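Working notes, beginning with the structure itself.
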Amino acid sequence: MNFELTEEQKMIQEMCRRFAEKEIKPVAARSDETHEHPAELCKKMGELGLMGIAIPEEYGGAGMDYVSYVLAMIEVAKACASTSVIMSANNSLYCFPVNRFGTHEQKVKFLTPVASGKAIGCYGLTEAGAGSDPASMRTTAVLDGGYWIVNGEKKFITSGNVADYGVLAAVTDKEKGYKGISSFIWDLKNTPGFSVGRVEEKMGIKASGTAELVFKDARVPKENLLGEEGAGLRQMLTTLDAGRLGIAAQAVGIGRAVLEEALEYAKVREQFGKPISQFQAIQWKLADMATELDAAELLLLRGAWLQDNGKPFEKESAMAKMYASDITMRATVEGVQILGGYGYCKDFAMERHMRDAKICQIYEGTNEVMRLVIARNLLKGK
Ligand SMILES: Cc1cc2nc3c(=O)[nH]c(=O)nc-3n(C[C@H](O)[C@H](O)[C@H](O)COP(=O)(O)OP(=O)(O)OC[C@H]3O[C@@H](n4cnc5c(N)ncnc54)[C@H](O)[C@@H]3O)c2cc1C
């Protein structure tokens, strides 16, 4: 077994570390306050190839592997979780399905601008009444001549307020249940009948917009159907298997920031005449954090490696997402505790890490749903 990264993987990790430290981390607290989409950063990340890392160069991507993608995500999330979510949705929720299921013509037209970072992509599965159970979605698409006419609303869509393009699912045949759901590629800036609804006020990842997308007799051209009619839910769920690796990476990145900042603080903060790092109670917290973070990162890298090597990884990506987000949430709680009263205040980033970490246990499938996915695979003998 070889734990060594390739030269290319080390290179992107190092490049992202330097970029995130210099350009992203210094503005993270401000973005958290203003809730503004970091458009300039996204542009620069596009120029560095970070908005379509595992997409072929022919379609505007960097042509690298999924291990490189998760390594880059960790570095960006360590600096700013909000920015990492935008990167993750762009890479794995929009670019991945268009690349996997789209035709050459669709990829040239709809993948190239997003993978190259010139435009932003989003993914719309969730609705107000359809979260963990997306098959109960109500948005409908009816074919009328050369267009599908779409009516309904998508909820909680990452980057939905700023996105240029989206992959969105709708019911095309109600009689067929989940086999009657199809997905479409949308040019959101040029769609009559489409509008952005409410933008959510959230606990964390505040610079990542989370919006409702509203379709009132919205028209999407027939040729924008992604893959086959009726294959939409399967495509969307396959997309989430890959996407969960991005969320696991986001969690590991936040966890790495927590450990680094808690360690630094514990070494300099003195009480009872010595640094608090000398107290065993603090040392044990740091030891648990470091061990669990390494375990989460190994689960994550295994999932990405399986994907890169064309092997099944549904169970492994669910394990990585669930474990990384659970242990990082715990690490942020302990991180705040190590900083005491200062951890509770905004002078330090620790309280932001705690708010940012929570969402990783919820989106792209809650951790309860992750346990269902893992158990389903176990019971099938996988
Ligand atoms: C900030 C943010 C960004 C998001 N981005 C996107 C996006 O870009 N695109 C998109 O399509 N969606 C997005 N989502 C939606 C997200 O994926 C859903 O919120 C999530 O899947 C949970 O759905 P829900 O909120 O409706 O919760 P519900 O499904 O109502 O779940 C409520 C509770 O019940 C539990 N539960 C539900 N079913 C079961 C079960 N069978 N067994 C055990 N427990 C169960 C859940 O685990 C949870 O604890 C985003 C959400 C947020 C908050």
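Owing to the predicted nature of the structure, the values given are computational and were not obtained by experimental measurement. Counting convention: from 1, in listed order, for ligands and their atoms alike. Position 1 is the first residue of the sequence; numbering continues from there.
Between K78 and E260, at least one side-chain N (NZ, or NE/NH1/NH2) sits under 4.0 Å from a carboxylate O, which counts as a salt bridge.
Side chain of Q361 to backbone of T366: no donor-acceptor contact under 3.5 angstrom is found. For R244 (side chain) and A318 (main-chain N/O), no donor-acceptor pair under 3.5 Å exists by modelled atom type.
Taking the six-membered ring for Trp and thresholds of 30 and 60 degrees, F215 and F194 have ring planes inclined between 30 and 60 degrees apart.
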Cut-off 3.5 Å, no hydrogens considered: what does the side-chain donor-acceptor table look like for residues 36-58, sequence neighbours left out?
from	atom 1	to	atom 2	distance (Å)
K44	NZ	E23	OE1	2.8

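The shortest N/O to N/O separation between S132 and ligand 1 falls below 3.5 Å. Of the polar atoms of I205, none of the N or O atoms is found under 3.5 Å from an N or O of ligand 1, judged by distance alone. At under 3.5 Å, not a single nitrogen or oxygen of K155, backbone or side chain, sits near a nitrogen or oxygen of ligand 1. Looking at ligand 1, you won't find any N or O of D133 less than 3.5 Å from one of its N or O atoms. Taking any N or O of E368, backbone or side chain, at least one lies under 3.5 Å from an N or O belonging to ligand 1.
Sorted by first and then second residue, the salt bridge (charged side-chain N to carboxylate O under 4.0 Å, His left out) pairs with a member in residues 267-283 form an empty list; sequence neighbours excluded.
Selection from I359, T126, L125, V85 by nearest heavy atom to atom 12 (N) of ligand 1 gives T126.
Under the 4.0 Å distance rule, the nearest protein heavy atom to atom 34 (O) of ligand 1 falls outside the cut-off. Atom 30 (O) of ligand 1 is not flagged as protein-proximal [any protein heavy atom, distance under 4.0 Å].
Remark: distances from the non-hydrogen atoms of V369 to ligand 1 are all 4.0 Å or more.
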